[in-house]
Protein chains: 2
Amino acid sequence: MPDQPVPTVPLDPARFDDPDCAASPAQPFRVGDKWTGMVLRCLEDGTPRRFTELRVPLHWITPKVLTETLRSMERNGFVTRTVHDENPPRVEYTLTPLGRSLIGPLDTACDWARAHAPAITEARASYEQGSPVA
Amino acid sequence: MPDQPVPTVPLDPARFDDPDCAASPAQPFRVGDKWTGMVLRCLEDGTPRRFTELRVPLHWITPKVLTETLRSMERNGFVTRTVHDENPPRVEYTLTPLGRSLIGPLDTACDWARAHAPAITEARASYEQGSPVA
DNA sequence: CAGTATCCTAGGAGATACTG
DNA sequence: CAGTATCTCCTAGGATACTG
């Protein structure tokens, strides 16, 4: 859960004129893995959540994958991992301000998806229609 | 290029109370593949672009991958593929209104990335610091 | 409880070559 | 020019154990 090896043209406007446009190998930070967004959702209300507790709404994601996701988020500064010295152990995860700042963009994306889902479904249907036939 | 097999908890707020929260297996539409965003960038100014022309700012992406990306975008209704009956063949790609509607969210994400890149870099540095040591 | 440790697989993506 | 057709590789991510 990657600091993904990263694309070339960063998502900045593309240049067709510059012959050497490959020049700007910026390093975007990908949050596009499968689980990060959902973990964000799980923590957005501000309540600290425990490891196992997080697995529930994530449909019993395997511990390995959840650990990887959480570690990557921690490393990127999106979540804080707090170990309470008790027995049995209790570890809680919370969003940092940086992590919380991601919620806006996430909402924007989700809103877009919700708003245009019908259009996409329709586009797919007519594509399926057209391709096999014509 | 995928209609990706999709996650469970859609990116809607997560539910911890509902024991059967796995119930809503919504089908988000992922645009998170490696190239779609960048193709969007290549077409956002409205100018129709040709297949080979697109390869340039995409750092000579292989034809196979570009085709897959473009097909998926076409199927989702993001781009239009126009074949001009000439010889040699000329095919042009343009954004549809639906495709263009994605630019807003894309910008939002890019703006976030640009704004917080330093914070992330810093977080990573101090994580690298803390982990091996402590 | 909160994780490791292993093993395994699907499929995104690159390289290379060929065609209408 | 605008693509197919093949092959191959990598790795995200799942399944199944085991442990401090």
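Numbered from 1 within each chain, the chains take letters A, B, ... in sequence-line order.
- A close approach under 4.0 Å does not occur between any side-chain nitrogen or oxygen of B:Arg90 and OP1 or OP2 of D:dA2.
- Contact annotation: A:Lys34 side-chain N/O to D:dG14 OP1/OP2 distance is under 4.0 Å.
- At C:dA13, none of the side-chain N or O atoms of B:Trp60 fall inside 4.0 Å of OP1 or OP2 (strictly under the cut-off).
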Dot-bracket notation for DNA chain C, counting Watson-Crick and G-U pairs under 3.5 Å, with | for partners on another strand: ||||||||||||||||||||
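- The minimum heavy-atom distance linking B:Cys42 with B:Leu58 is given by the pair SG-CD2, 3.9 Å.
- Using the six-membered ring where Trp is involved, B:Tyr93 and B:Phe51 have ring planes that are tilted, between 30° and 60° apart.
- Listed pair A:Thr52 / C:dA2 meets the phosphate criterion, a side-chain N or O lying under 4.0 Å from OP1 or OP2.
- Note on A:Arg50: every side-chain N or O is 4.0 Å or more away from OP1 and OP2 of C:dC1.
- Between B:Arg71 and D:dT4, a side-chain N or O to OP1/OP2 separation shorter than 4.0 Å is present.
- When the P atom of C:dA13 is taken as reference, atom CZ of B:Arg55 falls 16 Å away, rounded to whole Å.
- For the pair B:Arg81 and D:dG3, the criterion of a side-chain N or O lying under 4.0 Å from OP1 or OP2 is met.
- Between B:Arg71 and B:Glu68, no side-chain nitrogen of the basic residue sits less than 4.0 Å from a carboxylate oxygen of the acidic one, so the salt-bridge criterion is not met.
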